[in-house]
Amino acid sequence: MEISKNREGNQLTVTLTGELNTATAPELEAAIKDDIQVGDTVVFDMTGLTYMTSAGLRILVASEQATGGSGAVTLRGVCKEIRQVIEVTGFDSIFNIE
Amino acid sequence: MDSRKLGIRGLLRISVCITLLVALPIFVTISKMNVTNDELARAEASMNDELTYLCLQLEAAQNRARAFDTLASSSGVTSQDLEVRNPEASRILTDPIGDVLAGYSLPESGTVFIVDDDKVVASDDKRVPVGGSMKELLEDEVCAAIGASIQSGRMQTIPYRGVFDAPGGEGAYGDRDDEAYVLAKRQGNYTILGIEPSSMVFRDRAQVIGREVVLTYVILTVVFAIMSRLLNRMVLRPIDNTNEVLRRITSGELECRISEDGTREFIALASGINTTVDALEGWIREAETRMDSELSAARAIQESALPRDFPPFPSIQAFDIYAIMNAAKEVGGDFYDFFLIGGDKTGSEKLVFLIADVSGKGIPAALFMMKAMAQVRKELEGGAEIGQAIRNANKDLAIGNAACMFVTMWVGVLDYGTGRMEYVNAGHNAPLCWHGDEGWIWLKEKSGIPLGTPIDRPYKAHRIECCAGDKFLLYTDGVTEAKNNVGDMYGEDRLMTVASANQVERPEALVTAVRGDIASFVQDAEQFDDITILALDIQAPDE
């Protein structure tokens, strides 16, 4: 999986490419763990992401908690399969999905 | 490792090239000094030979003249008589000095002339005419050098322009800025002078220097090539071999060792590395053994936490239940559970059955799974309504959940006496349900988000009235997302197909059929996620 980050003011955009699974989730966790502050908005650009497991979902939930839990996480370019994973868990109610 | 860094070979090549380049002007300068000294010495010796020869000639001429004078005075033959009778002999005897240089010139176009006091009496060069005055023809500097040469007997350096600067004395041999060399010898009253311009003395110098430098560089190149081969054989190749073995050891081939041969230093190095790897291997094996035994213990604890005795309630005929959990690693994050609640004054006895999937795998997931399992049991055994029980469990699991782990869960509470069932789906995959004559359907109703997040929301409980013959097939995403070698997923359609093909089977046979179908789909592909399946059959309610 490829991860790239871009910060503009208090908005962090994280672009993900490949598969976010048990093997790659720790990479993402390490890459963004110190970057998110309370009050930030985080955009995950998932246009290039083809697969995500609950391990990846956990990182998204952790990011949402790190921002202060105010619904400041946006998922962009979510493919059908990943949208299904998010909808099955009901986490679509805590993320903004574009 | 930084591949942009130069290796020893590259560094050596660049160093040698820079050294040879820097050394070139030094070699040329040293060679020029040596060649200059050699050529000067050669020129001096050569000129000395010539002038000595001319001195002898001059002396002989003087002797002949004296002899003729003596003969003439005793015999009365005058020089006029001799000139008439034998002009050639007359010329030789009457002009002995001029005859010394007759037909003579210094090799390599030097200039030679004989001076009597200040007057030129013989010359091989028209620029120094016979009868001319030295002081007029030559600069003072040159005259002084001539004096020094007579004193020391050594060749002296003079400016070339100083020789022929007189009118009509244009430098014929090279640049007027060049130097020239003068050697002077006394013979009686005469002084014999030889002058050679530097362009003549050093005419071969550039060629000789070129030859010397080329030869030196050829020798140096051969020496460097030999050194390079030796370095390669004695140092670089052993380093490459050592690095290759270390790379293999790092990539997990712990049994690799460096061969202990070659030079003494490399044997010591190889021996040191091998000893270190021996020790490391020992520690790793020990750690692996300890880890394996601890993981085995953890697995045993986790397995013992899941109900594994089937049928679990032999005295109850109203339902039949069966479940399996295959962890992808030693311990897993999936779990299932079933237990009875109620049955006393609080009301009729009910069966709680659930399946759950913790985000992630391994030890952290297993720890969270044990905690989640205990929380849900505690809440439901405490008599809480199912929605409230799950909400309470969520709140408890969220406390201190720094890793933001969560668990999806599908829980059903069946009053097997009446067939009434309530269920909550906290973000879990929709189970399959065989209800009445509808065949297998997906129970898609949701209740809320997975447990463990600090988001406190109510979980909606759904109800269903079950009758004998109804079935439930619960599973985790390790089933539908099991991948084969080409990356295809097992998927919901295959699950539906195998469930339909085994619709008449009892729970154990149904679960076994599904598990077998997954195994034949994935074949030898590695299992990445825990696979958990639970099946429940509802029979006629107990009397």
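The figures here come from the full heavy-atom set of this structure, side chains too, leaving out hydrogens, waters and symmetry mates. Residue numbers start from 1 in every chain, and the chains themselves are labelled A, B, ... in the order their sequence lines are given, proteins ahead of strands.
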Residues B:Asp396, B:Lys371: salt bridge by 4.0 Å N-O rule: no
Heavy-atom proximity to chain A below 4.5 Å, by part of B:Ile455: side chain
Centroid-centroid distance, A:Phe91 to B:Phe406, less than 6.0 Å: yes
Residue B:Met409 versus chain A: region with a heavy atom under 4.5 Å: neither
B:Leu510 side, atom CG; B:Trp434 side, atom CH2 - distance, nearest 0.5 Å: 11.0 Å
Identified side chain to side chain contact (heavy atoms under 4.5 Å, CB included) counterpart of B:Val411 within the set B:Leu380, B:Asn425, B:Ile355, B:Asp337: B:Leu380
Best-contacting candidate, B:Ala430, B:Cys404, B:Gly448, B:Ala426, against chain A by heavy atom pairs under 4.5 angstrom: B:Cys404
Chain B contact via A:Glu19 - side chain, backbone, both or neither, heavy atoms under 4.5 Å: side chain
Lys NZ or Arg CZ of B:Lys446 over B:Tyr459 ring: under 6.0 Å, within 45°: no
Top of A:Ile94, A:Asp92, A:Thr53 for chain B proximity - count of heavy-atom pairs under 4.5 angstrom: A:Ile94
